[in-house]
Amino acid sequence: MHAPYEVPRISVSGAPLADADVELIIIPIAQDNAAAAARRYEGALGDDLQSALDRGEFRAKANEIYVARMPAAGWKAARVVFVGGGPRSEIDVERVRRMVVTAAQVARNQKRERIGWADLEPGTISAAARIETIAEALVLANFDNGVHKSRDGNQFFIKEAVVFTSDKAVATVDSGRFMGESINAARVLINEPGNYLTPRLLAEKAASLASVPGITSEILDEKKIESLKMGLLLGVARGSIEPPRLLVLKYNGVGASASNTLGLVGKGITFDTGGLSLKPADGMERMKDDMAGGASVVAAMRSIAHQKLPIRAIAVVPMTENMPGGKATKPGDILKGASGLTVEVNNTDAEGRLILGDGLWYARELGATHLIDVATLTGAIVVGLGKITTGLFGTPQPWIDHITSAADRAGEKVWQLPLFEDYKEQLKSEIADMLNSPGRPAGSITAAMFLKEFAGDGPWAHLDIAGTAWAEESKSWQPKGATGTMIRTLIEVARGGFPAA
Ligand code: BES
Ligand code: MN
Ligand code: ZN
């Protein structure tokens with residue numbers, strides 16, 4: 001097994017581009033700025049860029065690459081690579097991230113150890129946000145998901161990157177770099193197959209990922225989980241010979257108010273077979289990513305602590321396999337969770353909401369006042385929002401608005417869906433407090449309504465990442481596999497503090 005990623009050294013320089021002492025320099029160009037850029041680099045490149053524009057070989061569209069023909073005269077860098085930004089008004093955080101990752105792949109393919117990025121296109125975002133994103137994306141780009149290949153391990157990582165900028169607001173390089181590393185680490189866990197990542201191993205690896213100054217962690221074993229009467233988590237775990245775990249992380253930032261505590265709850269199903277309500281064979285292998293929510297909240301906590309944000313935060317991640325073993329919960333069984341609510345399990349494949357029910361209850365028990373859960377919860381959200389947008393649910397509206405604006409700053413797409421009381425009817429069971437699988441109509445909404453029963457009366461939000469946690473195909477800015485979605489958003493939520501009550 002080789003390294004899945006490397007974190008390059010990243011520095012900032014105010015030197016002119018001609019003096020950039022790097023093997024390859026990447027220059028972003030907005031579409032509306034392409035002709036001006038061609039004139040600006042005429043001295044160094046001759047008519048190379050202009051004639052590429054004339055031929056239509058390069059149009060500076062988003063993520064378009066043009067490798068300059070000649071080494072630039074009088075420049076120290078041996079290679080110049082242009083990356084298109086599209087119209088300047090469209091250049092936001094996500095566009096910058098994609099441009100950097102796309103161009104950095106060219107550098108990796110050319111095996112350039114020391115590269116430069118010219119911070120030239122301001123786009124629509126602040127310098128601080130832009131530089132943070134550039135640093136984050138340089139780390140994201142240095143990722144390889146073929147860690148288990150014993151052959152063809154031709155992976156090359158960038159060792160050092162220099163951001164050339166005239167801006168003085170460059171303190172965000174460090175936070176961006178650390179966020180990139182946190183996201184990469186989460187992606188490694190999410191990509192791991194079920195046999196390499198049992199609940200016990202996930203608990204250990206997640207705890208070690210979160211072992212940064214300021215975070216205390218605790219792993220609850222099956223005995224402790226039993227003593228807490230978490231019958232929903234235990235009910236899912238019964239079908240497996242692997243025991244469940246529950247990871248708890250706590251962070252008390254300096255200067256944090258004692259009255260509010262962020263509670264992050266992540267789904268940690270290390271493999272979801274569906275249980276006795278077995279999933280079809282086709283595509284079941286995907287279900288190794290069913291702990292993506294859990295990995296995301298752990299990665300977010302790690303960056304929250306690194307940035308020493310002045311808040312209190314708790315993460316709770318229930319972890320188990322969902323297997324159809326001899327002791328497995330059977331359709332029709334009734335489980336009783338730690339909160340006291342009883343659930344008729346009419347479908348053992350609706351297991352995420354069960355373990356999250358106990359997880360949400362426990363986060364509140366530990367003092368969380370503002371809850372967010374993150375889960376690959378429903379196939380229905382993939383039908384509704386595709387693989388582009390994360391489903392957002394919750395209450396009250398100011399808390400949801402707080403999360404929406406954080407996602408916007410993070411450059412991640414979320415969309416709110418309703419939780420009208422009328423949907424609750426579908427959750428009715430004849431013999432228990434509720435049903436875990438209320439049927440096909442509005443499947444993502446009824447799953448969220450189920451979670452709401454465990455979230456109490458305070459602020460709570462649910463992010464359904466079943467569509468966004470995993471990329472089915474590789475893109476220039478995103479390898480196939482785990483995306484690490486919502487980590488950035490959770491960090492931004494924490495940065496934003498708590499909305500006025
Ligand atoms: N982990 C799945 C949801 C999922 C589906 C994630 C597709 C990623 C891609 C979840 O545990 C599940 O099986 N949900 C069921 C719920 C149903 C039985 C009510 C579903 O969505 O089919
Ligand atoms: Mn399932
Ligand atoms: Zn699942």
Side-chain angles (χ1 to χ4, degrees), residues 190-191 194 197 199 202 232-233 235-240 244 265-296 317-324 328-333 335 343-359 373-391 393 417 423 426-429 434-451 462-472 480-483 485-486:
I190 297 163
N191 282 336
L197 198 72
L202 174 58
L232 300 177
L233 173 56
V236 175
R238 287 176 66 83
S240 171
V265 181
K267 176 175 174 180
I269 296 287
T270 58
F271 196 82
D272 181 10
T273 67
L276 286 171
S277 311
L278 196 66
K279 286 182 180 296
D282 249 9
M284 195 201 275
E285 71 278 2
R286 236 303 290 287
M287 288 299 129
K288 65 178 184 174
D289 81 344
D290 216 15
M291 33 57 72
S296 303
V317 185
M319 301 168 176
T320 177
E321 290 183 333
N322 185 23
M323 297 284 285
T329 291
K330 300 167 287 295
D333 285 359
L335 301 176
V343 179
E344 179 189 0
V345 179
N346 58 325
N347 188 323
T348 62
D349 198 10
E351 85 296 343
R353 65 199 74 186
L354 296 175
I355 70 166
L356 289 170
D358 278 338
D373 73 74
V374 188
T376 46
L377 202 64
T378 65
I381 203 71
V382 193
V383 176
L385 298 177
K387 308 214 22 93
I388 310 290
T389 308
T390 293
F393 308 78
L417 288 156
Y423 287 111
Q426 281 175 250
L427 290 177
K428 274 205 179 124
S429 158
M434 48 186 167
L435 217 53
N436 81 324
S437 179
R440 278 171 66 85
S444 303
I445 293 173
T446 53
M449 296 292 286
F450 181 97
L451 296 179
H462 158 59
L463 292 163
D464 193 337
I465 58 169
T468 50
W470 190 265
E472 282 316 333
K480 177 175 173 167
T483 60
T485 187
M486 292 299 118

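Note that ligands are numbered from 1 as they come in the structure, with each ligand's atoms numbered from 1 the same way.
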Would you give the length of the straight line joining atom [atom1] of [X] to atom [atom2] of [Y], rounded to the nearest 0.5 angstrom?
X    : Y    : atom1 : atom2 : answer
T376 : D272 : OG1   : CG    : 8.0 Å
N346 : D333 : CG    : CG    : 11.0 Å
D349 : K279 : CG    : NZ    : 3.5 Å
D290 : I190 : CG    : CD1   : 11.0 Å
I465 : W470 : CD1   : CH2   : 12.0 Å
T329 : L354 : OG1   : CG    : 8.0 Å

**Item:** Sphere of radius 2.8 Å around the Zn ion (ligand 3) - protein N, O or S atoms inside
**Value:**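 Per the 2.8 Å query on the Zn ion (ligand 3), atoms found are K267 NZ, D272 OD2, D290 OD2, E351 OE2.
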**Request:** Tell me which N, O or S atom of D272 sits nearest to the Mn ion (ligand 2).
**Result:**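 For D272, the N/O/S atom sitting closest to the Mn ion (ligand 2) is OD2.
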**Message:** Checking one value in my table: which N/O/S atom of E351 lies closest to the Mn ion (ligand 2)?
**Reply:**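 Considering only N, O and S atoms, E351 comes nearest to the Mn ion (ligand 2) through OE1.
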**Asked** Between the Mn ion (ligand 2) and D290, is there an N, O or S atom separated by less than 2.8 Å?
**Response**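 It does not; every qualifying atom lies at 2.8 Å or beyond.
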Quick check for students: name every N or O atom pair between ligand 1 and the protein closer than 3.5 Å, with distances.
unit_1	atom_1	unit_2	atom_2	d
ligand 1	1 (N)	K267	NZ	3.3
ligand 1	1 (N)	D272	OD2	3.2
ligand 1	1 (N)	D290	OD1	2.9
ligand 1	1 (N)	D290	OD2	3.0
ligand 1	1 (N)	T376	O	3.3
ligand 1	11 (O)	K267	NZ	3.2
ligand 1	11 (O)	D272	OD2	2.9
ligand 1	11 (O)	D349	O	3.2
ligand 1	11 (O)	E351	OE1	2.8
ligand 1	11 (O)	E351	OE2	2.9
ligand 1	13 (O)	K279	NZ	2.8
ligand 1	13 (O)	D349	O	3.0
ligand 1	13 (O)	D349	OD1	2.8
ligand 1	13 (O)	D349	OD2	3.1
ligand 1	14 (N)	L377	O	3.4
ligand 1	21 (O)	G379	N	2.6

Could you report the tightest heavy-atom contact between [X] and [Y], atom names first, then the distance?
X    : Y    : answer
S444 : T378 : OG-OG1, 2.7 Å
N347 : S437 : CB-CB, 3.4 Å
M323 : S240 : CG-CB, 3.8 Å
M291 : T270 : CG-CA, 3.9 Å

**Candidates L463, I381, L451, L377 - the one meeting side-chain contact (heavy atoms from CB on, under 4.5 Å) with F393** =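 The single option meeting the side-chain contact (heavy atoms from CB on, under 4.5 Å) with F393 is I381.
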